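To start, the structure under review is shown below, and the notes come after it.
Computed from heavy atoms alone, side chains included, the values below leave out hydrogens, waters and symmetry copies. Lettering follows sequence order; numbering is per chain, from 1. It should be emphasised that the depicted structure is a prediction, and the values quoted were computed from it without experimental measurement.
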Amino acid sequence: MLKEKKRSRPDGERAPAPKPKKKPLRSEQPYTMKKGAVVMWKTLEHNGVVFPPDYEPHGVPLTYDGQDVKLLPHEEEIAGFFAVMKDTDYALKPVFVKNFMDGFRAALRNGPHAFITDFKKCDFTKMYNHFAKIREEKKAMTTEEKKAIKAAKDKAEEKYTWAVIDGRKEKVGNFRIEPPGLFRGRGEHPKMGKIKRRVMPEDITINIGRDAQVPPPPAGHQWKAVIHNDTATWLAGWNDVINVKDWKYVQFGATSSIKAESDQKKYEKARSLHKYIDRIRSDYKRNMASDSKEMAQLAVTTYLVDKLALRAGGEKDEDLADTVGVCTLRAGHIKFMDDNVIEFDFLGKDSIQYLQQHKIDETAYKCLQRFVRGKGPDVDIFDEINPQKVNAHLQTLMAGLTIKVFRTYNASITLDRLLQDTNDKNTTLQKKATYDAANKEVAILCNHQKGVSKAHDTQMEKLAAKKKDLAKQITAMKKSDDKNKKKKLAALKERQAKLEIQMNMKEELKTVSLGTSKINYLDPRITISWCKRHEVPPPTVFTKALIEKFHWAMDCEMDFRFCNMDDVKTEI
DNA sequence: ACGCTCACTTAGTATTCCTTTG
DNA sequence: CAAAGGAATACTAAGTGAGCGT
């Protein structure tokens with residue numbers, strides 16, 4: 001059964017400002033408003049956004065049906081979007097090519113080049129080479145030239161990199177407006193290849209304090225609107241040009257106090273789940289045997305979320321890639337194996353495949369068999385529930401609990417558990433390996449993957465060659481009568497052992513992404529406490545950016561499993 | 001109860017930066 | 001000192017969930 005298509009809005013317009021509610025005077029407003037809407041700031045100043053440079057025509061032709069055609073600037077720009085992607089996998093996908101070509105043809109339609117209609121006759125090589133040449137020229141510049149250009153750019157952008165919130169100067173995140181190009185949707189996205197048109201000042205809504213100076217739009221332009229929404233923390237926003245009902249925001253950066261505060265709350269919530277987890281687990285175990293199908297479905301989804309760290313899985317529109325989470329799993333996504341083992345095979349967020357077998361609770365196994373009975377592969381397994389219902393049930397057990405908290409909780413507590421095995425006799429490097437191994441387990445739990453780098457095989461071969469060479473040297477050393485033979489042999493053997501570990505690690509991690517959990521799921525206080533206890537300098541495991549992001553946790557010593565709100569020592 | 005908007009977090013990949021190597 | 005390799009950061013797509021109106 002196909003999911004029902006959600007009604008799409010005909011215009012894609014969005015109200016520029018929150019509905020004007022009957023509010024008391026601003027000065028009379030309490031700091032926290034009635035429900036949900038919390039006032040996030042009293043004053044907010046910033047300098048707006050940076051637009052990409054205007055298009056500069058290069059005059060390099062498109063070759064069509066063997067003939068060079070010099071396009072008009074706006075046509076040339078679009079052809080250029082494709083030319084730079086000529087060698088990517090996208091250019092091989094029919095949907096991508098069709099969407100691109102539809103857009104390209106529409107741009108050509110009323111001009112002198114409307115005869116360009118057939119993708120097969122389009123040859124983008126000249127433009128491609130032109131861009132390649134520019135890249136080469138850039139690369140060939142001296143270090144000083146590169147530095148000077150970078151410095152000039154940094155200087156011009158400096159004032160956009162920060163904003164002042166309640167008197168504090170803080171980093172802005174994505175202050176650069178997204179440049180035009182072709183949409184790179186992930187997986188089988190029906191809109192891939194569509195033209196992402198240039199975002200204009202007229203698209204942008206500025207959110208800023210009432211008393212702040214409104215940043216001037218580029219000369220000859222206007223902002224779409226200027227609002228003063230103090231319950232939101234975004235500085236500017238616009239309707240996404242591909243999924244027009246989506247809204248893109250310019251937000252504060254990861255190191256800002258706004259983000260730090262919400263990060264702390266997230267991890268405190270995950271920690272407090274530890275106090276409730278036994279009750280929650282007995283609740284869903286009991287409810288899996290319930291006569292109520294809805295109750296049983298709530299229980300089984302919660303069980304899967306807890307055991308496998310699955311995502312919620314909200315309903316999606318048909319004009320997006322077909323991906324699922326626990327609530328949207330369909331009968332064809334699971335296979336019943338012997339001994340209560342289920343094979344899960346579905347595409348999750350970003351169309352990343354979740355392909356894992358798990359032995360699950362016997363009652364849950366039987367429930368799943370019952371839920372899929374008589375259903376074709378495209379029918380929803382959990383037909384009586386959705387994430388809202390699951391979350392509503394969870395909130396009868398713990399205030400504020402939602403599905404995603406389980407991912408944070410299980411990721412963090414897994415790290416905490418695995419780090420218990422750290423050997424203090426080890427070197428810092430070995431301790432880092434322990435940390436990375438724990439990080440890796442979390443990444444597998446959360447199914448955080450990455451594409452195998454193109455260079456992977458060559459790199460492995462090189463390491464293998466190195467290893468072979470070392471083995472040779474060792475054999476030679478054994479035969480030699482060098483008086484320092486013992487020492488040298490030991491050194492060689494150590495290098496060999498290190499190389500061996502490096503190779504195994506590289507192979508094991510070739511599809512596993514450690515970064516995502518480190519940035520988003522692992523309570524930094526677990527890591528920092530571990531660093532302290534085992535005398536590992538934090539930069540061993542956190543990059544400079546992460547140390548800044550987690551600055552609020554830097555002096556913490558904490559046990560994740562003891563939830564005491566007083567533990568948060570560092571105030572922002 | 002449900003659909004929809006809004007605001008924000010989470011995610012993989014592209015690009016840039018920095019270090020190592022030849 | 002340049003090229004290569006790998007780490008770090010930038011980018012932007014794609015999720016979650018609260019809350020509101022119907």
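When the P atom of C/dA13 is taken as reference, atom NZ of A/Lys450 falls 23 Å away, rounded to whole Å. The nearest whole Å value for the distance from the CG atom in A/Asp350 to the P atom in C/dC11 is 18 Å. Atom CG of A/Leu235 is separated from atom P of B/dA7 by 12 Å (rounded to the nearest Å). Put simply, CD on A/Gln449 is 12 Å from C1' on B/dA11, counting in whole angstrom units. Note: NZ (A/Lys248) to P (B/dC6) measures 16 Å, nearest angstrom. A straight line from CG of A/Asp523 to C1' of B/dT9 spans 16 Å, rounded to a whole angstrom. Straight-line distance from the CG atom of A/Asn520 to the P atom of B/dT9: 10 Å, rounded to whole Å. Taking atom NE2 on A/His393 and atom P on C/dG17, their separation rounds to 15 Å, with Å as the unit.
Within the structure, every side-chain polar atom (N or O) of A/Trp247 is placed at least 4.0 Å from both OP1 and OP2 of B/dC6. Within the 4.0 Å cut-off from OP1 or OP2 of B/dT10, at least one side-chain nitrogen or oxygen of A/Lys266 is found. The phosphate of C/dA18 (OP1 or OP2) has a side-chain N or O of A/Gln395 nearer than 4.0 angstrom. The side chain of A/Lys316 places an N or O atom within less than 4.0 Å of a non-bridging phosphate oxygen (OP1 or OP2) of C/dG15. Listed pair A/Arg311 / C/dT16 fails the phosphate criterion, with no side-chain N or O lying under 4.0 Å from OP1 or OP2. A close approach under 4.0 Å does not occur between any side-chain nitrogen or oxygen of A/His448 and OP1 or OP2 of B/dT10. Taking 4.0 angstrom as the limit, A/Thr516 places a side-chain polar atom (N or O) nearer than this to OP1 or OP2 of B/dG12. Checking the phosphate oxygens (OP1, OP2) of C/dG17, no side-chain nitrogen or oxygen of A/Asn386 falls inside 4.0 Å.
Residues A/Ser262 and A/Lys150 both approach DNA chain B. Their nearest nucleotides, taken by heavy-atom distance, put A/Ser262 toward the 5′ side. For A/Gln388 and A/Ala545, each mapped to the nucleotide of DNA chain C holding its nearest heavy atom, the one lying further toward the 5' end belongs to A/Ala545. Nearest-nucleotide positions on DNA chain B for A/Lys259 and A/Thr88 put A/Lys259 closer to the 5' end. Positionally, the nearest nucleotide of DNA chain C for A/Asn174 lies more toward the 5' end than for the other of A/Asn174 and A/Gly400.
Contact annotation for A/Gly325: no contact, since no heavy-atom pair falls under 4.0 Å across all strands. The residue A/Arg407 sits close only to the backbone: its heavy atoms come under 4.0 Å of sugar-phosphate atoms, none of a base. Among the atoms of the strands shown, none is found under 4.0 Å from any heavy atom of A/Glu548. Within 4.0 Å of A/Leu320, counting heavy atoms only, lies no atom of the nucleic acid at all. Residue contacts shown for A/Lys146 are absent, as no nucleic acid heavy atom lies under 4.0 Å away. A/Arg186 comes within 4.0 angstrom of a nucleotide base, judged by non-hydrogen atoms across all strands. Across all strands, A/Ile403 comes closer than 4.0 Å only to sugar-phosphate atoms, never to a base (heavy-atom distances). Residue-level contact check: A/Lys196 touches the backbone only, with heavy atoms under 4.0 Å from sugar-phosphate atoms and none from bases. Here A/Gly313 lies in heavy-atom contact (under 4.0 Å) with sugar-phosphate atoms only. Contact annotation for A/Gly185: backbone-only contact, meaning every heavy-atom pair under 4.0 Å involves sugar-phosphate atoms and none involves a base.
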>> For A/Lys245 and A/Asn239: C-alpha separation, side-chain torsions, deciding distance, then whether side chain to side chain donor-acceptor pair (under 3.5 Å) applies.
In response: CA-CA 6 Å; A/Lys245 53 190 165 181; A/Asn239 276 102; over 6 Å; no
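With C/dA8, B/dA7, C/dT12 as the choices, the nucleotide that has an atom nearest any side-chain atom of A/Thr543 turns out to be C/dA8. The listed nucleotides are B/dG12, C/dG17, C/dA14; the one nearest the side chain of A/Phe183 is C/dA14. When distances run from any side-chain atom of A/Tyr249 to the nucleotides C/dT12, B/dC17, B/dA7, the shortest one goes to B/dA7. Of the candidates C/dG17, C/dA14, C/dT9, the closest approach to any side-chain atom of A/Asn391 belongs to C/dG17. Comparing C/dT12, B/dC8, B/dA7 by their nearest atom to the side chain of A/Pro179 picks out C/dT12. Side-chain atoms of A/Ser513 lie closest to B/dG12 of the nucleotides B/dT9, B/dG12, C/dG17. Residue A/Thr402 has its side chain nearest to C/dA18 when only B/dT9, B/dG12, C/dA18 are considered. Considering only side-chain atoms of A/Ala312, the nucleotide from C/dG17, C/dC11, B/dC8 that sits closest is C/dG17. In the set C/dA14, C/dG6, C/dT9, C/dG6 carries the atom at the smallest distance from any side-chain atom of A/Lys506.
Within the 3.5 Å criterion, the main-chain N or O of A/Lys159 finds a donor-acceptor partner in the side chain of A/Asn47.
Listed by chain and number, the residues in a salt bridge (Lys or Arg N to Asp or Glu O under 4.0 Å) with A/Glu178 are A/Lys196, A/Lys248 (sequence neighbours excluded).
In this structure, a donor-acceptor pair under 3.5 Å is absent between the side chains of A/Asp345 and A/Gln356.
Aromatic pair A/Phe183/A/His189: ring centres closer than 6.0 Å. Side-chain rings of A/His448 and A/Tyr521 approach one another, their centers coming within less than 6.0 Å.
Within 3.5 Å, no donor on the side chain of A/Lys404 pairs with an acceptor on the base of B/dT10, nor the reverse.
Heavy-atom minimum distance, A/Pro180 versus A/Phe81: CB-CZ, 3.6 Å.
By the 30° and 60° cut-offs, the orientation of the rings of A/Phe124 relative to A/Phe82 is tilted.
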